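Everything below concerns the one structure shown next.
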Protein chains: 2
Amino acid sequence: MSTIHMEVLSPIAKPAVTSADRVLAQIQRAVVEGEIAAGSKISEPELARKFNISRAPLREALARLERCHLIERIPNAGARVVRLSYEGLLQLYQIREELEGLACRLAAEHMAIEEIEQLQELLDQHLSHQRVREGESYYQEAGDLDFHYRVILGSKNPYLINMLCDELYYLVRMYRVQMGMNGPRVSRAFDEHKAILTAIGNRDGELADLLMRRHISASRKNIEIKLAQQEK
Amino acid sequence: MSTIHMEVLSPIAKPAVTSADRVLAQIQRAVVEGEIAAGSKISEPELARKFNISRAPLREALARLERCHLIERIPNAGARVVRLSYEGLLQLYQIREELEGLACRLAAEHMAIEEIEQLQELLDQHLSHQRVREGESYYQEAGDLDFHYRVILGSKNPYLINMLCDELYYLVRMYRVQMGMNGPRVSRAFDEHKAILTAIGNRDGELADLLMRRHISASRKNIEIKLAQQEK
DNA sequence: AGTATAATTATTGTCGACAATACTGGAAAG
DNA sequence: CTTTCCAGTATTGTCGACAATAATTATACT
């Protein structure tokens with residue numbers, strides 16, 4: 001339950017040894033959840049006071065926030081939380097489609113049998129959760145992320161893992177939380193996840209790749225519809 | 001001549017307004033060219049003295065070097081220049097294949113006619129250079145990068161542009177320079193570039209995508225061969 | 001009154017010093 | 001002689017203050 005929660009919020013366990021790490025995690029959460037509004041300016045002195053640290057570790061944290069596209073910095077002018085748009089979300093999903101397709105193919109090649117079995121257990125577990133708590137979107141959301149994270153980690157490609165988990169997924173979560181991107185697809189997602197996992201289990205990288213692309217593509221097309229609605 | 005040089009070293013013009021920017025560019029070059037050896041430790045006080053700046057902007061620069069995978073930092077322990085390996089290069093090219101394929105498809109959709117014409121001129125120009133200075137690998141190298149950069153920029157997807165140009169390509173260049181990845185393919189590359197550009201000009205995104213993937217895949221297979229040779 | 005310019009204020013970028021942590025060498029114990 | 005522990009050294013993380021740049025307000029001029 002809360003294990004799922006924590007795991008999803010930080011897929012790769014980083015012990016947060018430095019104070020910049022701690023503050024980073026807090027600001028990251030605040031930005032993703034919309035506590036610090038999208039598009040709002042970030043004041044270094046203000047945040048430094050708020051978290052009881054100096055500006056040095058804060059700036060370190062801001063640098064990493066920029067890295068995962070949560071804020072934008074302009075030299076000598078300051079940092080702003082990114083603005084969300086259907087266009088931006090679409091551009092994000094275009095990349096996800098390619099990279100997660102690749103990740104899935106590599107996962108089919110490189111995942112250990114134990115990892116696959118654990119992922120299978122996780123899906124069963126999520127399914128029961130979903131049955132019991134029908135309509136509660138948080139578990140579905142967390143479950144979806146958890147599945148994707150594990151597949152990505154299964155690729156064993158460190159660049160790919162870094163790009164997806166550390167650079168893109170915080171923004172994906174920000175979009176989901178703030179634009180309510182948990183549409184009618186959630187029920188279908190489980191079946192698609194199962195199919196993908198089966199392909200991985202069969203070591204059929206090509207099929208796993210295709211299914212993952214289709215899985216993400218379906219979400220992307222939802223976004224395109226909303227974008228079209230907005231433009232007219 | 002030197003215009004090509006500069007353009008390739010920094011595809012997106014960033015005016016380097018702050019001292020961290022200047023130092024970043026210098027260290028980036030030094031690492032890519034191997035002036036600071038791969039795998040060597042980075043001493044903050046030493047580099048700070050060397051460039052006549054304080055440690056604050058230096059650390060800012062180091063953070064960005066980590067972002068483009070040129071150095072690795074361990075909390076409380078320090079930073080090291082990355083080590084190069086055929087395995088790492090392969091993982092890099094797996095990602096390039098997907099992302100640049102996508103970029104190429106998007107470029108076919110979004111590039112302005114003027115941009116396509118300019119790119120055509122660039123290819124012609126490079127071809128004549130190649131004929132005159134046969135065997136001089138620098139122009140070929142620069143020309144190749146220049147082509148890829150322009151296609152990526154043509155995608156008009158800011159996340160994609162950032163990931164490829166700012167996060168991956170410095171490392172790609174580092175591999176090319178230090179492992180001499182300018183094999184017998186250089187002569188073929190021009191023809192492949194021309195074919196890709198033709199597809200873009202015809203607004204045939206699907207074909208452009210395929211050709212770009214094949215273009216990069218060919219390089220990747222060269223690496224796989226070297227990796228296999230090394231392992232036996 | 002509106003606009004352009006100048007002074008003021010606030011914010012960011014940079015610096016030097018201190019605290020906390022990790023590395024190094026040597027002494028003591030097995 | 002090897003291993004473990006400890007002290008000393010060096011490096012990284014953090015802090016508060018200063019300098020440089022940008023934003024804001026006030027002022028003067030058309």
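Order of the sequence lines fixes the chain letters, A, B, ..., with proteins taken first and strands second; residue numbering starts at 1 for each chain. Please read these numbers as outputs of a predicted model, since none were measured by experiment.
Of the side-chain N and O atoms in B/R59, one or more sit less than 4.0 angstrom from OP1 or OP2 of D/dG13. Side-chain N/O atoms of B/K41 include one lying less than 4.0 angstrom from OP1 or OP2 on D/dT12. Distances shorter than 4.0 Å separate some side-chain N or O of A/T18 from OP1 or OP2 on D/dT14. Between A/S19 and the phosphate of D/dT14, there is a side-chain N or O to OP1/OP2 separation shorter than 4.0 Å.
Going from atom CZ of A/R80 over to atom P of C/dT12 covers 11 Å, rounded to whole Å. In this structure, the CD1 atom of B/I74 is 12 Å from the P atom of D/dT12, given to the nearest Å. Remark: C1' of C/dT12 and CG of A/L58 are 12 Å apart, rounded to the nearest angstrom. The interatomic distance linking A/E44 (CD) with C/dT12 (P) rounds to 5 Å, in whole Å. Computed from coordinates, the B/E46 CD to D/dT12 P distance equals 10 Å when rounded to whole Å. As rounded to whole Å, 8 Å separates atom P of C/dG13 from atom CZ of A/R55. Atom CD of B/E60 is separated from atom P of D/dG13 by 14 Å (rounded to the nearest Å). Whole-Å rounding puts the B/R64 CZ to C/dG13 C1' distance at 11 Å.
Both the sub-6.0 Å distance and the 45° axial angle are satisfied by A/R96 relative to the ring of A/Y93.
In the set C/dG13, C/dA22, C/dT14, the nucleotide with an atom closest to the side chain of B/A20 is C/dT14. Which of C/dA17, C/dC15, C/dG13 sits closest to the side chain of B/I53 comes down to C/dC15.
Using a 4.0 Å heavy-atom criterion, one finds that B/I42 contacts the sugar-phosphate atoms exclusively.
Each of B/H148, B/E100, B/E97, B/R220 was checked for a side chain to side chain donor-acceptor pair (under 3.5 Å) with B/H215, and the lone residue meeting it is B/H148.
DNA chain D is contacted by both A/A56 and B/V17; A/A56 maps to the nucleotide lying nearer its 5′ end (nearest heavy atom per residue). Along DNA chain D, the nucleotide closest to B/P75 and the one closest to A/A77 are compared, and the more 5′ of them pairs with B/P75.
Using a cut-off of 4.0 Å between Lys/Arg side-chain N and Asp/Glu carboxylate O, A/E46 and A/K50 are scored as not salt-bridged. Between A/D166 and A/R67, none of the side-chain N atoms (NZ, or NE/NH1/NH2) sits under 4.0 Å from a carboxylate O, so this pair counts as no salt bridge. Salt-bridge annotation for B/D144 and B/R176: present, with a side-chain N of the basic residue lying under 4.0 Å from a carboxylate O of the acidic one.
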